[in-house]
Participant: 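Structure below; questions to follow.
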Amino acid sequence: MDALLLPLIVACPLLAAGLLFMSAGRMPPLPTCVIGAGSVGLSALMAAMLATGFLRTPPPAGALHATLWSWMQVEGFNTRIAFTLDPLSLVMMLVVTGVGFLIQLYAYGYMHDDPGIARFFGCMTLFVAAMLVLVFSSDLLSLYIGWEGVGICSYLLIGFWHTDTANVAAARKAFIVTRIGDAALLCGLLLLATRAGTLDIPALLHIAATRPADLSAETAAFLLLGGAVAKSAQVPLQTWLPDAMAGPTPVSALIHAATMVTAGVYLIARLHPLFASVPAAMTAVTIIGLVTLLLAAGSALVQTDIKRILAYSTMSQIGYMFLALGAGAWQAAIFHLVTHAFFKALLFMAAGAIILRVHHRQDIYQMGGLARAMPGVFVAFLAGAAALAGLPLLTAGFYSKEMILQGAWHAAPLLWAGALLGAFATAIYIFRCLFIVFFGTRHTEPHGRTGATMAMPLACLAVLALTGGWMEMPDAIAPVHLLSHLLSPLFGAPMPEGPTWLLWAGSLVPLAGVGVAWLLWRPRIQTRAPPEDALARLARAGWDFDTLYDVLIIHPFVTLGRLNQTDICDRLSNATAATARAGGRMLGRMQSGQVRRYAGWIAAGTVVALCLGARP
Amino acid sequence: MTALLPGLPPALPILGGGIALLMLCIAWHRSETRAILIALTTLVLAFASLWLPVLPWPGDPTGMLFVPDGWFTYIAALMLLSSAASVIMAWREAGTPADEFYLLLLLGTLGALVMAGSMDMVIFFLGLETLSLSLLGLIAYHRTQPTADEAAIKYLILAGLSSAILLFGLALSYADSGSLRFAAPSRSGSESPALPLAATALVLTGLFFKLSAVPFHTWLPDVMEGAPIPVASFIAVTSKIALFSALARYFAGADLLRPDAVGAELAIVAMLSMFGGNLLALGQVNLKRLLAGSSIAHVGYLLLALLSPGPFGMASAAFYLAAYAAATSGAFAAMRGASGLSDIGAWRGMFHRRPALALAMVVMLVSLAGIPPAIGFFAKTYIVIAGVSARRIVLLGALVASSIIGLYYYLNVVRAMMEPVPEVPRAVRGTTANAALITALAIVTVLAGLFPETLVRQTRSLLQPTPILHEAGLGPVAAHDMLYRE
């Protein structure tokens with residue numbers, strides 16, 4: 001029964017996607033939404049049923065297996081399309097379907113008057129299906145199918161309003177940059193397949209755990225890391241995420257905040273014995289996480305576009321997760337992944353509600369004073385911001401960030417200091433955004449109301465952003481360890497807790513950040529205007545990675561391509577094409593239509609065959 | 001009934017009975033509906049009878065005329081299904097009077113089945129001529145059209161020529177060995193070593209002509225263009241399966257891995273067919289001629305499977321035949337569904353006019369081109385595996401290179417269908433039966449590509465008999481019994 005539910009959870013949105021695409025836009029908005037949101041809701045319901053069953057009576061080996069079919073069987077290598085539900089995929093499944101359902105519901109309110117709504121919901125449900133495939137796969141090959149699936153949906157949805165060339169360019173950029181990582185991932189998979197002879201995850205992990213890491217294991221770990229870095233928008237392949245905000249806001253909430261961008265974190269957590277056996281890769285993960293977390297937080301401090309603030313914040317928070325992974329605090333990374341899905345989806349959806357009501361303006365300096373006009377959205381945003389900043393005791397973000405800080409402390413105190421600095425910056429930038437948007441003088445008069453389908457998901461997520469962290473608390477506050485207990489069969493015992501003053505530092509630093517933000521951006525103060533010095537401009541442009549890549553890679557490549565238009569490779573392929581065409585013409589001439597010629601060919605063929613035989 | 005006819009597959013008398021019944025009905029009262037019903041029922045009954053046990057031959061095994069082994073069952077099933085597809089395509093397309101069209105289709109199927117199961121030269125030749133003569137009638141069925149007449153005359157002359165050569169080869173073979181068994185004569189027991197080689201070369205000419213392997217292929221594009229769509233499908237699928245099966249039987253006892261003249265001829269023809277077929281299709285603007293080129297290329301791929309004996313060789317060929325039959329029949333059915341549009345230009349914008357039909361056509365073309373997830377991908381992969389395990393490096397290179405050429409013209413049709421075309425005359429819709437046929441074939445093509453394991457297991461379990469039959473040195477019956485006991 002349970003093993004049957006597993007593929008059904010995936011099939012539900014997949015079927016809906018097929019239905020929506022087949023409708024080719026002829027369906028009215030309401031049924032479109034009912035199919036789109038309903039299918040994901042049904043999945044969420046089944047996921048909840050499955051989860052209660054799983055938690056009440058854990059399956060024998062700690063995981064449920066459902067083999068769908070055996071795709072290919074060659075001597076010594078077989079690939080099965082099989083799903084597994086273990087604690088890690090259980091957590092991911094609940095996040096993807098739960099948060100996914102709320103966002104779909106919200107999307108109806110956001111998109112209901114868009115002519116392309118069927119296409120939108122089709123892509124969104126397809127995305128949910130692909131993400132679930134990614135999460136459930138017990139085989140790296142089918143994981144790769146899901147991985148590519150979410151990539152293509154991301155591309156389609158970033159460029160959803162494709163009549164604007166800027167959106168198309170953003171979609172293309174996201175696709176190409178993540179493709180670099182996908183190529184690395186594919187190479188890593190092929191290397192693993194040839195060296196280990198299998199892509200079955202448990203078998204691979206068994207090999208990784210029992211055999212000392214050799215050069216191929218190290219290379220594979222780094223290649224997989226490349227894929228994770230691109231998908232999760234970490235330095236140096238992070239440049240696509242801010243531009244990806246060109247898509248509709250529900251897309252940013254679902255794909256570019258809650259789920260897809262955390263696929264890299266999931267991949268590393270899923271394959272953690274492989275990474276743990278390669279210390280260099282672990283160090284790389286840590287450094288990438290720390291650098292991204294600090295750079296992105298710095299950029300978020302000076303952005304003026306509300307969605308770009310949140311985009312940089314997403315990068316920075318995933319940097320935290322990478323840091324936790326690199327420090328070996330697997331549970332902390334997954335915990336933060338979950339809480340981040342709650343509060344970042346909430347922040348994006350609140351931002352979307354604001355954008356919708358201030359005539360699609362996204363510049364925070366054009367908003368101002370919105371707290372009174374939209375108190376509900378303000379409360380939701382405040383809850384999200386508090387969770388993101390990690391304000392102590394009350395918010396989910398506090399507990400998950402605290403766990404990461406503990407992990408970082410155990411790995412190296414320097415990492416802990418870096419992460420704490422990041423937490424300070426996080427509190428500053430998100431409350432800067434909040435103060436500028438909701439307080440002070442009003443620059444744009446909001447219109448309309450936030451509909452019920454948008455308000456309800458906001459309320460649900462606001463509650464989750466505040467209370468979602470109570471499933472895992474430090475011993476100093478309350479000995480609750482639901483999540484790490486659930487995940488411990490996979491990741492082993494969680495790290496011991498550090499001294500109590502760490503907790504104090506982690507609680508006070510975000511409060512200090514909020515204080516600084518109030519001092520600098522409280523209503524009616526000079527410093528409210530965006531800073532224009534060189535450093536600020538550099539940070540606003542995302543530390544100019546784009547220009548760097550332009551100069552270093554794109555420009556030389558284009559120049560080289562232009563110089564080398566008729567190179568040997570081109571000539572070779574053109575010559576091949578010309579030969580094929582000439583051959584086609586020659587054979588066409590053979591078809592003269594004259595029977596005697598045809599008979600002649602038969603005779604000639606026979607004679608040649610006889611001569612072949614006559615040869616000694 | 002089977003008790004009366006030991007050693008005879010019951011499908012053959014059933015087909016014969018159906019033909020007699022249909023003839024009687026025509027003499028009494030003409031009706032297309034009844035004719036198609038009789039034809040389909042006969043085919044279905046024959047199909048079902050394939051799983052009836054065949055009584056073993058009582059006497060001396062060398063006198064046996066048919067081998068009702070696993071290979072025959074599989075091939076006959078494929079041929080009966082593809083004939084049924086042709087029959088469905090012919091509904092309301094055959095012309096007036098339509099009854100004889102179905103009669104000739106049944107007759108051709110009977111010939112094909114006889115050929116595929118025969119162990120004896122005479123029986124083989126009878127089957128071949130039955131097929132060939134009924135094809136002649138079918139090609140010229142729309143006799144008022146000059147293209148049909150031209151195609152039929154071309155076919156008549158060239159088929160006569162090739163049959164004569166084939167018959168001469170068979171005669172030489174008999175002169176050499178004194179046996180009427182339909183198998184490549186071995187050189188070892190012969191007095192003059194040139195005689196068996198010459199016999200084989202001549203027989204191969206006859207077979208290659210009917211299979212339309214390069215350079216004996218010239219008739220195929222002209223005939224396919226002139227023939228009605230169901231007939232073109234019949235020639236491309238049923239008749240080719242029968243001939244490939246006969247070719248495989250002819251070489252069942254021979255060691256094709258030994259470098260000799262026969263192996264060389266087969267390899268050369270395989271290579272020429274792969275390149276020739278694909279290059280020929282490259283410049284075509286007529287979909288029927290394009291599919292003719294494609295079918296020539298597929299013969300080349302099949303010959304590679306034949307030349308790679310081993311654990312995979314014949315199994316891959318069997319799998320490939322199924323994939324080829326489904327996709328090619330499907331492509332013709334799609335053409336029939338578009339009211340016989342054979343000009344590629346007329347298919348422009350089909351995606352906007354008839355999305356479902358265009359999608360089905362894409363599935364078929366993708367399968368023929370060997371792109372996943374369609375069944376054609378697995379079929380080609382399977383042949384490549386067979387070729388690799390037999391170390392046919394040059395032929396594999398040819399397969400890869402020519403498949404790339406093939407991609408162009410298959411996808412070119414897809415491109416044409418995607419093109420936006422504002423104003424076009426509305427195409428007449430095909431029959432419901434034809435639409436159902438297209439749907440079924442499209443589903444089979446995709447599903448079998450996603451779940452190839454089942455079909456692979458089927459083919460592997462069916463196909464062992466033929467080699468064992470000959471290699472074990474047992475009489476056919478003994479091998480047959482041994483297999484059925486398993």
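To find a chain, count down the sequence lines: A is the first, B the second, and so on, and within it residues start at 1.
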Participant: So which residue, B/His217, B/Gln284, B/Glu150, ends up with the most heavy-atom pairs under 4.5 Å with chain A?
Facilitator: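 Looking at each of B/His217, B/Gln284, B/Glu150 in turn, B/His217 comes out on top.
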
Participant: Find the one option among B/Phe451, B/Phe208, B/Tyr408, B/Phe275 whose heavy-atom pairs under 4.5 Å with chain A are most numerous.
Facilitator: B/Phe451

Participant: Using heavy-atom distances under 4.5 Å, tell me whether B/Ile157 contacts chain A through its side chain, its backbone, both, or neither.
Facilitator: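 Contact with chain A: side chain only.
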
Participant: Parallel, tilted or perpendicular, judged at 30° and 60°: which one describes the rings of B/Trp219 and B/Tyr155?
Facilitator: tilted

Participant: Under 6.0 Å from the ring centre and within 45 degrees of the ring axis: does the NZ or CZ of A/Arg172 meet both conditions for the six-membered ring of A/Phe175?
Facilitator: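 Pair A/Arg172/A/Phe175 does not count as cation-pi.
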
Participant: Would the number of heavy atoms belonging to other residues, nucleotides or ligands and lying under 6.0 Å from CH2 of A/Trp601 be above 12?
Facilitator: no

Participant: Going by the angle between their ring planes, with limits at 30° and 60°, are A/Phe136 and A/Phe83 parallel, tilted or perpendicular?
Facilitator: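 The arrangement is tilted - the two ring planes meet at 30° to 60°.
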
Participant: Pick from B/Leu450, B/Val262, B/Val456, B/Ile405: which one has the most heavy-atom pairs with chain A under 4.5 Å?
Facilitator: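 Counting heavy-atom pairs under 4.5 Å, the top option is B/Leu450.
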
Participant: For A/Tyr155 and A/Thr178, does a side-chain donor sit closer than 3.5 Å to a side-chain acceptor?
Facilitator: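 Looking only at side-chain atoms, A/Thr178 and A/Tyr155 do not form any donor-acceptor pair under 3.5 Å.
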
Participant: Heavy-atom cut-off 4.5 Å, strictly under: side chain, backbone, both or neither for B/Ile153 against chain A?
Facilitator: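 Looking at B/Ile153, nothing touches chain A.
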
Participant: Tell me, side chain or backbone of B/Ile165 under 4.5 Å from chain A's heavy atoms, or both, or neither?
Facilitator: side chain

